[in-house]
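Basis for what follows: all heavy atoms, side chains included, without hydrogens, waters or symmetry-related copies.
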Amino acid sequence: MKKKWWQNSVVYQIYPRSFQDTNGDGIGDLQGIIRRLDYLENLGIDAIWLSPVYQSPNDDNGYDISNYEEIMSEFGTMTDMEELIAEGRKRNIRIIMDLVVNHTSDEHAWFVEARKSPENPYRDYYIWRDPVAGQVPNELRSTFSGSAWEFDEASGQYFLHLFSKKQPDLNWENEKVRQEVYDMMNFWIEKGVGGFRMDVIDLIGKLPDQEITGNGPRLHEYLQEMNTETFGGKDLLTVGETWGATPEIAKRYSDPKRNELSMVFQFEHVGLDQQAGKEKWDLAPLDLTKLKEV
């Protein structure tokens with residue numbers, strides 16, 4: 001197997017809001033990261049995983065994106081972002097973007113349009129369902145607690161949000177949605193990023209009517225299409241956040257012959273203190289034997 005640069009690389013995560021503030025507003029910014037690149041180079045890192053810096057109302061720490069091709073003003077400008085990429089490259093430090101494409105902000109232009117009318121061209125960019133017997137469409141739950149369905153009074157339908165109600169889920173069955181995502185990814189690839197950390201990517205193949213969220217039947221088809229349309233054949237790192245992946249499923253994502261991702265995060269240990277049927281905050285004592293097995 002041909003060796004890739006990322007197989008021997010040190011990746012350093014930066015949460016920009018708390019990293020370094022350069023303009024005195026109490027919020028870290030892109031210029032703060034640029035100022036520390038020499039220090040990071042001396043640490044011996046090869047890449048920065050940059051937590052989201054896109055335009056966002058910040059309901060979920062920037063994971064609710066209102067514009068994928070603009071920078072949150074608190075962090076700086078697109079010029080600052082381009083400078084960070086260029087200055088990192090001078091030091092052989094690649095910038096890995098946090099790719100959030102399971103959902104957008106409800107303030108994204110697509111959802112603003114989708115909410116206007118069931119006949120709006122953007123309506124099918126998201127997942128809408130009629131009430132069932134006057135109630136939510138089914139028992140799907142939000143990771144942030146409560147139902148995953150939010151009622152939209154104007155249209156009399158529910159929309160799906162597997163996270164915050166301000167994070168409506170994109171409809172990956174819609175080919176136009178997928179192409180919009182690929183165009184956005186290519187926008188960043190052309191700017192010179194070193195790859196993508198893919199937020200909850202295992203959820204994009206969901207079948208909400210069947211209450212299937214992770215590892216849906218079309219998930220790997222979508223990833224292979226994404227590979228072909230964007231980063232495939234390029235020297236980039238792609239790592240998926242895949243909560244529901246067993247070791248065998250993880251191999252499917254990362255097998256070079258399948259043309260999907262470079263690697264995944266594996267989370268089996270994180271669920272060991274979860275109680276079946278309870279909210280994520282209702283924790284059980286950790287079983288040391290099960291932890292060692294994982």
Please tell me whether [X] and [Y] are part of a single hydrophobic cluster in this structure, the criterion being side-chain heavy atoms less than 4.5 Å apart.
X	Y	result
I212	F159	no
V100	Y15	no
M78	I65	yes
W243	L207	no
I27	Y63	yes

(message) I'd like to know if the side chain of T242 reaches the main chain of F265, judged simply by a donor and an acceptor atom lying under 3.5 Å from each other, with no hydrogens or angles considered.
(response) yes
May I ask you to decide if the ring planes of [X] and [Y] are parallel, tilted or perpendicular, using 30° and 60° as cut-offs?
X	Y	result
W188	Y54	perpendicular
W110	Y125	perpendicular
W128	F111	parallel
H108	Y68	tilted

Is there side-chain contact between [X] and [Y], with heavy atoms separated by less than 4.5 Å?
X	Y	result
E150	Y158	no
Q13	S51	yes
L30	V53	yes
H269	L291	yes
T77	I71	no
I14	W49	no
N138	E211	yes
L40	Y12	yes

No-hydrogen, no-angle side-chain donor-acceptor test under 3.5 Å, [X] and [Y]:
X	Y	value
T238	S262	yes
Q31	E83	yes
D124	N171	yes
S117	E119	yes
N259	Q224	no
N102	K206	yes
E260	S254	no
Q275	D282	no

(request) Quick one: do E87 and R91 satisfy salt bridge (charged side-chain N to carboxylate O under 4.0 Å, His left out)? Show the steps, please. (result) CA-CA 7 Å; E87 290 298 319; R91 297 162 177 82; 3.0 Å; yes
(request) List the steps, then state whether salt bridge (charged side-chain N to carboxylate O under 4.0 Å, His left out) holds for E74 with R17. (result) CA-CA 9 Å; E74 294 173 329; R17 180 169 295 275; 2.5 Å; yes
(request) Could you please spell out the steps behind the side-chain hydrogen bond (donor to acceptor under 3.5 Å, both in side chains) verdict for Y126 and N174? (result) CA-CA 9 Å; Y126 296 88; N174 185 341; over 6 Å; no
Check this for me: does any side-chain nitrogen of one of [X] and [Y] sit under 4.0 Å from a carboxylate oxygen of the other?
X	Y	answer
D235	K4	no
E241	R197	yes
D46	R94	no
K251	E248	yes
E180	K176	no

Closest non-hydrogen atom pair between [X] and [Y], with its separation:
X	Y	answer
S105	P168	C-CD, 3.9 Å
Q167	H161	O-CB, 3.5 Å
L236	W6	O-NE1, 3.8 Å
P208	L160	CB-CD2, 4.0 Å

(message) The test is salt bridge (charged side-chain N to carboxylate O under 4.0 Å, His left out); show your working for E175 and R178 and say whether it passes.
(response) CA-CA 5 Å; E175 184 178 355; R178 302 200 304 274; 5.0 Å; no
How far does [atom1] of [X] sit from [atom2] of [Y], to the nearest 0.5 angstrom?
X	Y	atom1	atom2	answer
I33	I93	CD1	CD1	11.0 Å
W149	R129	CH2	CZ	5.5 Å
I204	H103	CD1	NE2	12.5 Å
L288	L272	CG	CG	10.5 Å
M198	M97	CE	CE	12.5 Å
I45	L43	CD1	CG	7.0 Å

(message) Less than 6.0 angstrom separating the ring centers of H220 and Y253, yes or no?
(response) yes
(request) Could you point out which residue of D60, D59, D106 forms a salt bridge (charged side-chain N to carboxylate O under 4.0 Å, His left out) with K166? (result)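 The option that passes is D106.
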(message) Run D29 and T22 through side-chain hydrogen bond (donor to acceptor under 3.5 Å, both in side chains) and show every step you take.
(response) CA-CA 7 Å; D29 45 50; T22 61; 2.9 Å; yes
(message) Please identify which of these residues, I96, I95, I85, meets the side-chain contact (heavy atoms from CB on, under 4.5 Å) condition with L50.
(response) I95
(message) Would N58 and D64 count as a side-chain hydrogen bond (donor to acceptor under 3.5 Å, both in side chains) here? Give the steps.
(response) CA-CA 6 Å; N58 218 28; D64 50 316; over 6 Å; no
(request) For side-chain hydrogen bond (donor to acceptor under 3.5 Å, both in side chains), just list the numbers for E190 and N186, CA-CA rounded to whole Å, side-chain angles, deciding distance to a tenth of an Å, and then say yes or no. (result) CA-CA 6 Å; E190 289 169 9; N186 285 324; over 6 Å; no
